[in-house]
K.L.:
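After the structure tokens below, expect a handful of questions from me.
Hydrogens, waters and symmetry mates are skipped; everything else that's a heavy atom, side chains included, is used. The structure presented is a predicted model; accordingly, all values stated were derived computationally and were not measured. Residue numbers begin at 1 in each chain, while the letters A, B, ... track the order of the sequences.
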Number of protein chains: 2
Amino acid sequence: MSSYRQVMIEGRKAPRIGDVAAAAGVSVATVSRALSAPEKLRPETREKVMEAVAALGYTPNSVARQLRGGHSSLVLVIVPRRTNPPFFAAVLHGIDVTLAEAGYVLITAYMEGQDHDLRLIELAASGHVAGLLTISGNLPNVAGRSILDAGLPAVAICADPQVPGLPAVLLDDERAAEMQVEHLIGLGHRRLFYVSGPPGNYNEVTRHRGVEAAMKRAGLGPEALIEHPGNYAFSGGIAGANAYLALADRPSGVICGNDETAIAFVKTVRAAGLRIPDDLSVIGFDGIELADFCEPTLTTIAQPRFELGAKGARLLIDLLDGTEPAEVMPAGGRILMQGTLLARDSTRKVG
Amino acid sequence: MSSYRQVMIEGRKAPRIGDVAAAAGVSVATVSRALSAPEKLRPETREKVMEAVAALGYTPNSVARQLRGGHSSLVLVIVPRRTNPPFFAAVLHGIDVTLAEAGYVLITAYMEGQDHDLRLIELAASGHVAGLLTISGNLPNVAGRSILDAGLPAVAICADPQVPGLPAVLLDDERAAEMQVEHLIGLGHRRLFYVSGPPGNYNEVTRHRGVEAAMKRAGLGPEALIEHPGNYAFSGGIAGANAYLALADRPSGVICGNDETAIAFVKTVRAAGLRIPDDLSVIGFDGIELADFCEPTLTTIAQPRFELGAKGARLLIDLLDGTEPAEVMPAGGRILMQGTLLARDSTRKVG
DNA sequence: ACCATTGATGTAATCGATTACAGAGCCTGT
DNA sequence: ACAGGCTCTGTAATCGATTACATCAATGGT
């Protein structure tokens, strides 16, 4: 029923390029040029047009502009729903700042499943959007249609959907997970409990490899690692903690898939009377601000969240503008960034 | 440089309505009708068209559709930057689910200031968007141009920009702040410390009124309240705590503007050796999940975050579709919802 | 004084859909 | 058998900007 045009009519009607042309006493072509190629106009003509533009409060209708063949300045970012808001907020900030510098506008959409995602796919195919950024390992993919089918330039950030030809800016998850294990082992812990991410999740799979590699390198076999599948959310931390508490012989070191998991884990085992780091050490993953405000402060691996977003956005911009990427693209199209260990109070030497 | 069209050409060229028409052996009008008014077609014609659509993988170009006068299905949500991600994530979730049910797509954009916001204003005026939702008390407003000038249907959520004619779905902030005070006073606290939100902020101003009203009603004068301006972020909680610690005679009750502030406050005063709730009681605001995972668990006022978003979205949808709002609009166009006190371990009886 | 060249501006085609209106079949009632 | 009324489909105008090409005036060269 209600089109934007109808709304316009109800209020002030939006001026069109013809109105400006009439007000300035020139043709529509001249108005168009005044806005997009001012150097082609005599200064006094340009000024006349600009005055009319200002007087009428004219904003070019970019729907029409795009239809004619102009490029959109919208970049769509696909964010997974309902996990880890503090983490993604920082990544989005890096993206937003970088896009804005280059004249693009960030819009985000959340994955929600089925019909909802189908709309995202249609949005991508609809011509509104110039490019695509995804922070989600699972791309909208409904009934055999993928959001990538639209052929938009796209870059993955943080999680690799593993689509051939799709460049990705990622944390070196494997190495980061190794750092988690090495930190605990370095403190003397010989048996570990691991509350992972959702089974099958890209980050989880990669980090899992890192955990196993580090264990092996330290000479520890699979019997030294007890795993519990989590979900990168508070609830997974609670469930993991309950599983931990139920163990007859509890490992002294605990690795959590992310900080929220770790916080919920800590909370739950403390409620059961265990002391951290006296009775057990817990290490998180992500480095959200909050990890420094909980009790005890959480040892964790900090991801360069802002930079991951910024670098991913930069890469997409280069793709869109056709400029040569500043960054040298490694074969396979995956840029890896390193995490940083933040040693705080939730871990300490055993015994 | 790179238009969406160019991209299409690089990959499979996007089929146009004419291609489908040719493939199905009908006219473009028939194809259009098959998609938007199938009941007007003979079943066999419709089927023929649908087959061609499927075979070519045709998605209507909604840029062209909109230009002609069709309504956009995009709703733009303006989110303030860099504050309180866990809070806004829940509000957005309520918005997203509600919009999706009605066939709209949520896109969010963050406020960042100046040039950046100017782009948002242009986005709103550009014809891409059907309606506007704002969760920010300050609307993009640059050089005298407001994002509302575009005349889009709009609804404010959580914070009231106080624009005449702009409907709003709000927490009853004043009442909620009264509840904070009443809770502490009910526990016997007679002097309060208040780490507020940013001075001038809509929510802060309203809650401030509530705090003062409740103090007065309890027979406490202004000397019983010591204020420190905060910012709804961790840093404000730390600064507030330091100000509190510097006091010669510290109030036993502390009100924080939101949960993040409270968490940082608690952390900081505990580090200085104070015990909570033994030495002082602290109450937060918002009711984010995390408030139940910190040490001690945080007493707070829970906002119906999902419902605020959902109700605001519902209102906008009614505006867009021209349906009669289910909710009776009070005069002034402001719908108030109530907060809920969650009494937990960070507050207790004095003495 | 006149033609060629340059620079500024206008005219009209174009992008890809929607939809008012027109026209073509096909029934039906008289 | 034919007018009138359906139903279904096609033709072409339209949305608002961009831009290739046409036009026109002014300038400079000879």
K.L.:
I need the NZ-C1' distance between A/Lys40 and C/dG10, as an integer number of Å.
P.N.:
14 Å
K.L.:
Are B/Pro80 and B/Phe88 close enough that some pair of their side-chain heavy atoms sits under 4.5 Å apart?
P.N.:
yes
K.L.:
How about B/Pro153 and B/Leu316: do any of their side-chain heavy atoms sit closer than 4.5 Å?
P.N.:
yes
K.L.:
By side chain to side chain contact (heavy atoms under 4.5 Å, CB included), which residues pair with B/Asn201, not counting sequence neighbours?
P.N.:
B/Pro198, B/Asn203, B/Glu204, B/Tyr232
K.L.:
Five pairs at each end of the helix from C/dA1-D/dT30 to C/dT30-D/dA1: take the axis at both ends and give me the angle between them to 10°.
P.N.:
60°
K.L.:
What is the distance, rounded to the nearest whole Å, between atom CZ of A/Arg16 and atom P of D/dT14?
P.N.:
13 Å
K.L.:
Taking the side chain as every heavy atom from C-beta outward, state whether B/Leu106 and A/Tyr110 have any atom pair closer than 4.5 Å.
P.N.:
yes
K.L.:
Nearest whole angstrom, please: distance from the P of D/dG16 to the CG of B/Leu67.
P.N.:
7 Å
K.L.:
Could you tell me the separation between the CD atom of A/Gln66 and the P atom of D/dA17, rounded to a whole number of Å?
P.N.:
13 Å
K.L.:
Near DNA chain C, which residues from residues 41-56 of chain B have a heavy atom under 4.0 Å away?
P.N.:
none
K.L.:
Any side-chain heavy-atom pair from A/Asn61 and A/Arg16 closer than 4.5 angstrom?
P.N.:
no
K.L.:
Please assess B/Leu139 against B/Ile78 for the test side-chain contact (heavy atoms from CB on, under 4.5 Å), listing each intermediate value before the final yes or no.
P.N.:
CA-CA 8 Å; B/Leu139 293 176; B/Ile78 307 290; 5.5 Å; no
K.L.:
Just checking, any donor-acceptor pair under 3.5 angstrom between side chains of B/Arg119 and A/Ser73?
P.N.:
no
K.L.:
Is any side-chain heavy atom of A/Ile135 less than 4.5 Å from a side-chain heavy atom of A/Leu92?
P.N.:
yes
K.L.:
Do the side-chain N and O atoms of B/Ser36 and B/Arg65 include a donor-acceptor pair separated by under 3.5 angstrom?
P.N.:
no
K.L.:
Do any pairs count as a salt bridge (charged side-chain N to carboxylate O under 4.0 Å, His left out) and have a residue in residues 22-40 of chain B, sequence neighbours left out, and if so which ones?
P.N.:
none
K.L.:
Specify the separation, in whole Å, of atom CD of B/Glu39 and atom P of D/dC8.
P.N.:
10 Å
K.L.:
Could you give the side-chain donor-acceptor pairs of residues 93-101 of chain B under 3.5 Å, partners two or more places apart or in another chain?
P.N.:
from, atom 1, to, atom 2, distance (Å)
B/His93, ND1, A/Arg82, NH1, 3.4
B/Asp96, OD1, A/His116, NE2, 3.0
B/Asp96, OD2, A/Arg81, NH2, 2.9
B/Asp96, OD2, A/His116, NE2, 3.3
B/Thr98, OG1, B/Gly94, O, 2.7

K.L.:
Check the interface with nucleotides 18-20 of chain D: list each N/O to N/O pair with the protein under 3.5 Å, or write none.
P.N.:
from, atom 1, to, atom 2, distance (Å)
D/dT18, OP1, A/Arg65, NE, 2.9
D/dT18, OP1, A/Arg65, NH2, 3.3
D/dT18, OP2, A/Ser32, OG, 2.5
D/dT18, O2, A/Arg68, NH1, 2.1

